[in-house]
Amino acid sequence: MIITERKPFDEILETLKPYTKVLVLGCGGCATVCLTGGEKQAEELASQLRLVSGPKKLDLQVEFDSITRQCDREFAENLKQSPDNYDCVLSMACGVGVQFMSQLYPDVPFLPAMNTTFYGAGVALGVWEEYCHGCGDCVLALTDGICPVARCSKSLVNGPCGGTNDGKCEVSSDMDCGWYLIYKRLAEKGKLDQFRKIQPPKDWRKDRGAGVRRMILKEMVEEEECQA
Amino acid sequence: MRDCDLTSREVASLSSATDLMEREWAPCRNGCPVHADVRTYIELAAQGRWQESIDVIRGRLPFAAVCGRICHHPCEANCRRNDVDDPIAIREVKRFVAEFCRSKGATVNKAALQDKARVAVIGAGPAGMSAALELAKLGYRPKVFEKFPVAGGISATAIPKYRLPRDVVQIDVDWILAHGVEMQTNIEVGKDKTIDDLLAEGFEAALIATGLAKSNVLPIPGSDHKRVLAVMEFLTKVAFDEKVHIGNDVLVIGGGNVACDAARVSVRLGAERVRMMCLENKEEMPAWEWEAREAREEGIDIIHRRGPVEIVVEDEQIKKITARKVTRVFDENERFNPQYDDTDVTSVGCDTVIFAIGQMADYGFIANSNVKLDNRGRLEFNPATHQTNEPKVFACGEIVTPPGSVVEACANGQRGAKAIDMYLSGRKIDIDDSLPPVIDKIAPGTAEKVIKTKRVSVPTEQPEKRKKNFDVFEHTLEADVAACEARRCMNCGAGAEVLVDKCAACLTCLRVCPFDIPKVTDVARIDSTLCQACGICIAECPANAIIPRGWDKDRLKSATTEALYAADGELKIVAYICGHRAPTVAWRGEDHRIAGVKQFYLPSMARLKVSDLLGAFEAGADDVVVVACAEDAERYPQTAARIRKRVNQACDLLSEIGIDGQRLKMFEVAGDADSIRTALDQALKEVEKTVS
Amino acid sequence: MNEPVSNLQQAFESGRFVFTGEIGPPKGINVEPCLQEAKKYLKATVAAVNVTDGQTAVMRIGSIAVSKMLLDRGIEPIFQMTCRDRNRIALQMDLLSAGSLGIKNVLALTGDHVAMGDHPEAKPVFDLDSVGLLQAMVKLESGTDFGKDMKGNPNQLDGIPKFFKGCCVTPCADEVEPQIIKLEKKVEAGAQFVQTQAVYDPGAFEEFMRRIEHLKVPVMVGIVMLKNAGMAKYMNRCVPGVRVPDEFIQRLSDVAKEDRQKVSIEICGELIRKMKHCCQGAHLMTLGWDHCVPEIIKAAT
């Protein structure tokens, strides 16, 4: 899932400066699942904004709502009130949701309340870790299910650097060395030959190298889109 | 989606969150003959909301005060807490609530317009009065005819006062009459007036609810002796304070509750020796176990498995009774079919015999009317329609049902009223007796995780003292004790409900539940049979997709806002306090109130959300104090730890917006009243200091 | 056999035990002091001098410029190159630049993460890893590069550089096998010599050397001067794959301050003496005490 983290309150408040009537909009997708941008958090943020409104003489009127996903058109129909009724919408979705919604409602500013941080999974209650980088060229088959791109802080493709230390990364002793994990797993399974093979420099075109990415599913796509 | 799935749209269409509880019933309610909403009134009692509680009780049970004293409480027998430790003392809580509120403390919901047909109700016992009440509420004009000078039936005319004082019966009678039920006492239908007279006078229907007023007496030799007493006549005389000469050596024949009453009354009247004799052994005896036990405590011997043969009279005095051995009471089909061994006959000395072997109907009311008895000498009666052979004449209560308790009579009376309503409004009499599904017994794995609590013990006078008079020997609970006992309720079926359209299947509920109840497939499913209603998941759900079935989630916020609004000009301190073990009086804030602190007692602190805490500040609180139970005093496991985390989070959110996190404080002391006071006092002082 | 590309390569081929030194370029353009040091203490004593490339991710003058200045002063540089700050285009460009300036020895390194340095906000690049960087050198040496022309054919270089390609390894890492595997890959990718991370455990080093015997590349054991007990303890705590034995720490703390440098030199000499039989050289990292190099070399023989 896409992990999001709430922005510092002051940063949010700064972006709200020009507005009075604000909708805090939770997203029922990843942001809810990672417990940062669901309706509950929208309710809490709305409450914070109302609380700060008086002392800071901001005259904010804040409501909250949440929809199933902010990255799909149809769910917008479930909004209790149209975004057009507000001066701006503070979206608690990932960057995708914020942009998608502002495209749907071009007349209403959609502001991000969140920082979109990584693709991750919950490893324990309240703990999420990065598992995928979205590089567009998955090598997990070679590394036996542990991604060197996402889980090595240098995205190295041929093995650990000299910074690997007791299984941890040089960047932080809280961080596992991805290559240490890969090595351990391959060694355990007798598959070190996969490690021994030189990996050519990564083709970053599938990552961001070739600019904005797009996926077209021929069997689903409408005719015009296909030609475009 | 499953049929039982709930969406936010559906919830929005409900009039209140408590409607959800109607989807399934708890076993206590299902087991109650009138289906009183036990869970709700117990929860209200737990919160010290006595008047709301009595209104819920009376919503189904007109004889709330009477049942508070003498009900056989099937609710307790069905209580799911039986599988954890001991059932809630529901009857005792009800007794407190009913008598604390008395008749004026309960709301009277009179029909807006009472202009429908007049209905004559014969007999002012629980069945008749319940029927009359229902009819009055539906806009009919019922009038009850009672041969005794008081209403209440057996409750008022036979049940001994040490079990049921008259003023308690009067609470219920007054409340019923307040609904526009007319009453005429000292009039015996069949003697002073016939049923036909009533119909001729303009009553469009009549309801016979005369109960079983006459006692059975065994026609054995000697049974016509003047010292052989029929139990109902005996008890009625005592009930009306008539002088009754009791012998020195009393033998009560019978093993039911009425026999126990007779024996215990005899003891109180001064009989030197009182014994009971019955066909059944200890286990077979129809009396409630506690009735027989209390009788024994009062020195009454019970002779089991003996059937009387002859009352031996010498010099016009009863000397003894001979009795043969009973070889069996019930046959293979569990029908009453006693067999005797005539070779085994003993004699039991006595000078007075009281027959308490069951009651029978007095059919005097049919005199000079078209109402007929069938060939077995019973009232012709159709149980489906409550009608006799005369369509306008209905019957209900023990005259047409097997003998039972007050609450069962109430239930049958209510059913009779339904039949009359259908008949008089020209509809086919077709009574729907179907009930919602019942939640199952608590699963053993869940029961294990429920924190055990001790059932209240009712303060009771010692047998030596109580047997000397007719004073009530079981005392009413104190308010705080009643509420504490009510808080043992597990709120069965009032737990979490998932709004499937909002659920993101994030698994948080599953991960935080201390009872391991939620399952997550496509969405979270929380089995109402298992859920313990702690509310942890409700407060943690990131999608606000879990709601409590019986708890209005916005109530706390609005109550806080109102309280703070009213506190204009004062210091505004809000305290959310775990009500689980806190003293009850605090619930209504009377005695333990600390001036300047708006106190809210929660049934489960685990339901307190971070947004509730922020909301209190939004409502204008200067300071918010959270008083939770320490870990060893929790109602639900892990609550203290959860609350601590939420308070910390709320502090962070407050600090972030420039509100001093110190304005939100937490104390883990709700285990006892004094500590709560101290904590609140301390909080108040700190705030005063900061303000000055 | 081909002509040696550099003096360093020649030194290895001669079969003698080779010493190299190292200088850290300054933060700023005042390069004279470090060049003077190199001239004074290293020129005559070592075969070549490493020029670090923004060591520990701290921004400094570029290693290519300082390498060229050494070259101009008659000192053979080993141009250290990390993958942290440049993508494959910039790396290949700098390799061509180095080649054009006459810089021959290139040590390919991954580079410390930007998080460790003085610009933690910088975007870390790591487009290539050290293996890829070695491959880039081989590509350039073969007259082409990683790219293709408009028709999809390999690009052709106009003028081809030649390098003596080195790499690094940590022989005493807690988990040595992945280090060895990666070293094998580096050698396969074109590495011709190896300089190691600091070693203080001759036994472990000998074992390591035994395990890489098959690689047939000259290995220079890394010798980092222990200036005092505090530094030794710091290295144990913070430098991956380095374990300073208690004995050395004891010796450094026992000795009077004025004699500490002497002990330091002794330890270096001792270490080299213990390991020289199983390796081809020693890379001396004096951390500013370049004046000790002659004495260390003396102590090592």
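Given the structure is predicted, the values throughout are model-derived calculations rather than measurements. Sequence lines set the chain letters: A, B, ... in the order given, protein chains first and strands last, and positions in each chain run from 1. As a basis for the values below, the full set of heavy atoms in this structure was taken, side chains included, without hydrogen atoms, waters or symmetry mates.
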Next on the checklist: side-chain contact (heavy atoms from CB on, under 4.5 Å), that's the test. Do A/Leu192 and C/Glu177 meet it? Break it down for me.
Outcome noted: CA-CA 10 Å; A/Leu192 279 176; C/Glu177 191 175 21; 3.4 Å; yes
Checklist outcome for this item: Ordered numerically, the heavy-atom neighbours of chain A under 4.5 Å found in residues 202-212 of chain C are none
Checklist entry - Excluding sequence neighbours, so at least two apart, what forms side chain to side chain donor-acceptor pair (under 3.5 Å) with A/Thr36? => result A/Thr4
Next on the checklist: Test your reading of the model: is there a side-chain donor-acceptor pair from C/Lys185 to the backbone of A/Lys197, 3.5 Å cut-off?
Outcome noted: yes
Next on the checklist: What's the separation between atom CH2 in A/Trp204 and atom CZ in C/Arg88, rounded to the nearest 0.5 Å?
Outcome noted: 8.5 Å
Next on the checklist: With rounding to the nearest 0.5 angstrom, report the CD1 to CZ distance, C/Ile180 to A/Arg196.
Outcome noted: 9.5 Å
Item to check | Over 12 foreign heavy atoms within 6.0 Å of CD, A/Glu130 | outcome: yes
Checklist entry - Which one, A/Leu186, A/Ile198, A/Asp166, leads in non-hydrogen pairs under 4.5 Å with chain C? => result A/Ile198
Next on the checklist: Please classify the contact of A/Ser173 with chain C as side chain, backbone, both or neither, using a heavy-atom distance under 4.5 Å.
Outcome noted: neither
Item to check | More than 12 heavy atoms of other groups within 6.0 Å of C/Lys233 NZ | outcome: no
Checklist outcome for this item: Okay, C/Ala189 and chain A: the region with an atom under 4.5 Å from a heavy atom over there is both
Donor-acceptor contacts, no H, no angles, side chain residues 147-154 of chain C, under 3.5 Å, sequence neighbours left out:
unit_1, atom_1, unit_2, atom_2, d
C/Asp149, OD1, C/Lys151, N, 2.9
C/Asp149, OD1, C/Gly152, N, 3.0
C/Asp149, OD1, C/Asn153, N, 2.8

Checklist entry - Which pair of heavy atoms, one from A/Lys184 and one from C/Glu175, lies closest together, and at what distance? => result NZ-OE1, 3.1 Å
Next on the checklist: Checking the side chain of A/Lys154 only, and the main-chain atoms of C/Arg84 only, is there a donor and an acceptor separated by less than 3.5 Å?
Outcome noted: no
Item to check | side chain to side chain donor-acceptor pair (under 3.5 Å) involving C/Thr196 - partner list, sequence neighbours excluded | outcome: none
Checklist entry - Which one of A/Pro160, A/Ser155, A/Ser172 has the most heavy-atom pairs closer than 4.5 Å to chain C? => result A/Pro160
Item to check | Spacing of NZ belonging to A/Lys202 relative to CG belonging to C/Asp127, to within rounding of 0.5 Å | outcome: 11.0 Å
Next on the checklist: At a 4.5 Å cut-off on heavy atoms, which part of C/Pro124 comes close to chain A: side chain, backbone, both, or neither?
Outcome noted: neither
Checklist entry - Minimum heavy-atom separation for C/Lys182 to A/Leu156, with atom names? => result NZ-CD1, 4.0 Å
Checklist entry - Is the count of non-hydrogen atoms from other residues, nucleotides or ligands lying under 6.0 Å from A/Arg205 atom CZ greater than 12? => result no
Checklist entry - Hey, what do you get for NE2 (C/His113) to SG (A/Cys161), rounding to the nearest 0.5 Å? => result 9.0 Å
Next on the checklist: For the interface with chain A, which of C/Asp174, C/Ile181, C/Thr110 has the highest count of heavy-atom pairs at distances below 4.5 Å?
Outcome noted: C/Ile181
Checklist entry - Looking at C/Thr170, C/Val239, C/Val131, C/Val125, which has the largest count of heavy-atom pairs under 4.5 Å with chain A? => result C/Val131
Next on the checklist: Any heavy-atom pair between the side chains of C/Pro178 and A/Trp179 that's under 4.5 Å?
Outcome noted: no
Checklist outcome for this item: Here the pair of heavy atoms bringing C/Gln135 nearest to A/Pro201 is OE1-CD, 3.6 Å
Next on the checklist: To check you understand the geometry: which heavy-atom pair defines the closest contact between C/Gly111 and A/Glu170, and what is its length?
Outcome noted: O-OE2, 4.3 Å
Checklist outcome for this item: The interface call for C/Glu184 against chain A, heavy-atom contacts under 4.5 Å, is side chain
Item to check | Per-residue contact mode, A/Tyr183 against chain C (heavy atom under 4.5 angstrom) | outcome: side chain
Checklist entry - What distance separates C/Phe126 CZ from A/Ser153 OG, expressed to the nearest 0.5 Å? => result 7.5 Å
Checklist entry - Which pair of heavy atoms, one from C/Pro240 and one from A/Gly162, lies closest together, and at what distance? => result CB-O, 3.4 Å
Checklist entry - Which region of C/Asp112, side chain (C-beta onward) or backbone (N, CA, C, O), has a non-hydrogen atom less than 4.5 Å from a non-hydrogen atom of chain A, or is it both or neither? => result both
